[in-house]
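The structure presented is a predicted model; accordingly, all values stated were derived computationally and were not measured. Quick note: numbers below take in every heavy atom, side chains included, and nothing from hydrogens, waters or symmetry partners.
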Amino acid sequence: MTAAHDRLARMVRRVQAQARVPALAVALHRADRPLWSCVVGGTGNDTALGERTRFRIGSVTKTFTATLVMQCRDDGLLDLDDPIGRHLELPAHGELTVRRLLSHTAGLQREPYGDVWDTLRAPDVDELVADLARAERVLPTGRRYHYSNLGMALLGRLVAELRGGSWAEVLTERVLDPLGLADTAVAPGPDAATGFLVDAYSDEAHPEPPTDFGAVGPAAQLWSTATDMARWAAFLADPVALDPAGAVLAPTTLDEMRWPLTSTDETVWAAGFGLGLILVPHPDRVVHVGHDGAMPGFLASVYGRRGGDGTAGAMGCAVLGSSGTAAEIFDLPHRLLAAAAEHDPADITPWRPGEPAPGPLRRMLGRWWGEGFEYVFSWHDGALRARGADDPAGKPPAVFAPVPDSPDVFRTVSGREIGELLRLTRDADGAVVRMHWATYRFTRRQETFDRYDFRAG
């Protein structure tokens, strides 16, 4: 393990030196190992750089606001397809839906009205709403991905309205406290790192002015530590490990948030966007889920890892830096997660014999044919499963759950044809002689759609 950690530390130190980051804090969370962290550089003030030094995390804040919105949905306070104007009194753009705003496909302009980044003065809530009529919808709704801090600010206002408190109060009560993220806050605190602009042609690092994002805070206000953010990334990837009771979000809700709704760049298709989350695919069915952040003097990149050989449960990485221009920060968590999975892989759990399939299902296990292709139905981990006979090893199977009061009907709960029914047909002796999955006929032998059996001739 020491060799693996030495490798990770060297990767961190190389980025800090080559990208010239005044302070770089990194943490790696995983369920099967102690938390690993590494800090390099100095805070730029009188305090020492350490694990509890806060950095501005910028747009990683959006993942928290998205979580609050999904909590409201799960509690029945809204529907994702509601127009936001159903819940907020707005002078314009009230017809934009919650889902479109969460996925940055509403077409709303990027920033609030005015030159926020020139004046570094963000509007308060009243100004944000009053000036909404002067904000443009720069693209047709649903046309494509277009990032909008304004849209996320409106969602933060929505959460505050529905919960009867400020966005910050709701966030602390409903997310930060339950997950133990004690070092994450809307304010920097006395020992936070200073953010810098590092001169492109000299070694000068000039402090950036502190900024308060006001009513746009739900898009980019938060400060945090690398250790807190690695834990948060692990939650986004594997919520059951950190929130087994689903007190913050149900695992199925995180599944929904992680489903790609749009591509962030239609020319390269290198990343997707779900409900408030960036999705970065990697080879061998691995996906990293999280968000990047940028504010004056700070860059952040926070991602959890799902899938792939060697990936541990609750695996998340955070990289926080006090430079506003060191773009290498955005790539580092992906490389660290991959290196950890390769050089310190999760332990392999030994297989042990389990309970047999229920009697009525035992005789239907094995090979079936549908649409001219061969499938294998099996019973593993207490559930009926199916996969294509030629599927690659890493492709997840379809998993079925019984439909109550219908002994020969199952619902597909994950994998291929999720949501569809599997119906079994038995002969007089109780043997399953054919099945219908998503209405397609499955038989023990390969048949054409008009039931020509090749073996029978």
Side-chain angles (χ1 to χ4, degrees), residues 1-30 33-58 60 183-184 188-208 222-234 288 290-305 315-344:
M1 192 184 307
T2 301
H5 286 175
D6 287 347
R7 182 188 299 269
L8 300 183
R10 186 170 180 82
M11 293 169 64
V12 172
R13 293 180 183 280
R14 181 180 294 114
V15 167
Q16 190 273 340
Q18 294 182 352
R20 301 185 303 148
V21 186
L24 190 61
V26 177
L28 178 70
H29 183 289
R30 50 190 292 177
R33 305 280 192 272
L35 178 77
W36 177 83
S37 64
C38 179
V39 295
V40 189
T43 61
N45 50 50
D46 294 333
T47 60
L49 180 64
E51 287 187 2
R52 301 197 66 181
T53 300
R54 287 183 188 171
F55 292 72
R56 195 77 181 261
I57 63 170
V60 180
D183 290 321
T184 304
D191 300 327
T194 299
F196 292 95
L197 176 69
V198 178
D199 185 73
Y201 305 108
S202 75
D203 292 331
E204 179 188 7
H206 186 80
E208 289 280 20
L222 290 179
W223 295 73
S224 189
T225 63
T227 53
D228 262 17
M229 287 300 93
R231 182 174 177 83
W232 177 244
H288 292 176
H291 215 290
D292 301 307
M295 287 292 281
F298 294 97
L299 295 177
S301 194
V302 176
Y303 284 88
R305 182 178 176 92
M315 197 168 189
C317 183
V319 178
L320 312 182
S322 65
S323 166
T325 58
E328 294 88 340
I329 286 172
F330 295 140
D331 186 51
L332 185 55
H334 305 289
R335 296 196 294 115
L336 290 170
L337 287 167
E342 179 181 359
H343 300 290
D344 185 19

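Ion pairing of Arg335 with Asp331 is present here, as a side-chain N (NZ or NE/NH1/NH2) and a carboxylate O approach within less than 4.0 Å. Salt bridge annotation for Asp203-Arg20: present, with a cationic side-chain nitrogen under 4.0 angstrom from a carboxylate oxygen.
Across all their heavy atoms, Pro188 and Arg54 have their closest contact at O-CD, 3.2 Å. The nearest pair of heavy atoms linking Ala326 to Val21 is CB-CG2, 3.6 Å. A pairwise comparison of heavy atoms in Thr194 and Gly44 identifies OG1-O, 3.9 Å as the closest pair. What you find for Gly321 and Ile329 is that their closest heavy atoms are CA-CD1, 3.8 Å. The two residues Arg305 and Ala341 make their nearest non-hydrogen contact at NE-CB, 3.7 Å. Here the closest non-hydrogen pair linking Ala27 and Ala230 is O-CB, 3.6 Å.
Counting only distance, with no hydrogens or angles, the side chain of Asn45 and the backbone of Ala192 share a donor-acceptor pair below 3.5 Å. Put simply, the side chain of Thr43 gets close to the backbone of Thr47: a donor and an acceptor are under 3.5 Å apart.
A ring-centre distance under 6.0 Å is found for His334 and Tyr303.
For the atom pair CG (Leu28) and CG (Asp344), the distance works out to 8.5 Å, reported to the nearest 0.5 Å. Interatomic distance, OG of Ser224 versus CZ of Arg56, reported as 12.5 Å (0.5 Å rounding). Within the model, atoms NE2 of His291 and OG of Ser301 stand 10.5 Å from one another, a figure rounded to the nearest 0.5 Å. Interatomic distance, CG of Leu332 versus CD of Gln16, reported as 11.5 Å (0.5 Å rounding). Annotation: the span from His29 atom NE2 to Leu337 atom CG amounts to 12.5 Å, rounded to 0.5 Å. Rounded to the nearest 0.5 Å, atoms CD (Glu328) and CG (Leu299) are 9.5 Å apart.
For the side-chain contact (heavy atoms from CB on, under 4.5 Å) with Arg10, the lone residue among Arg14, Arg7, Arg13 that qualifies is Arg14.
Partners of Val39 under the side-chain contact (heavy atoms from CB on, under 4.5 Å) rule, at least two apart in sequence or in another chain, are Ala25, Leu49.
Asp199 places none of its side-chain heavy atoms less than 4.5 Å from the side chain of His206. Between Val319 and Leu24, the closest side-chain pair of non-hydrogen atoms falls below 4.5 Å. By the 4.5 Å heavy-atom criterion applied to side chains, Phe298 and Pro296 are not counted as neighbours. Proximity of Pro333 to Val302: side-chain heavy atoms (C-beta onward) are nowhere separated by under 4.5 Å. Side-chain contact check for Phe196 versus Ser323: every heavy-atom pair is 4.5 Å or farther apart. In this structure the side chain of Leu320 reaches within 4.5 angstrom of the side chain of Ile57, judged on heavy atoms.
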Practice prompt. Go through the steps to decide whether Val60 and Asp292 satisfy the test side chain to side chain contact (heavy atoms under 4.5 Å, CB included), and finish with yes or no.
Written response: CA-CA 6 Å; Val60 180; Asp292 301 307; 5.8 Å; no

Discussion item. Evaluate Thr184 against Trp223 for side chain to side chain contact (heavy atoms under 4.5 Å, CB included), listing each step before the verdict.
Written reply: CA-CA 6 Å; Thr184 304; Trp223 295 73; over 6 Å; no

Worksheet entry | Steps toward side chain to side chain contact (heavy atoms under 4.5 Å, CB included) verdict (Ser322, Phe55) | CA-CA 7 Å; Ser322 65; Phe55 292 72; 4.1 Å; yes

Worksheet entry | Verdict with reasoning, Leu8 to Val26, per side chain to side chain contact (heavy atoms under 4.5 Å, CB included) | CA-CA 10 Å; Leu8 300 183; Val26 177; over 6 Å; no

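Residues Ser37 and Glu51 have side chains that bring a donor and an acceptor to within less than 3.5 angstrom of each other.
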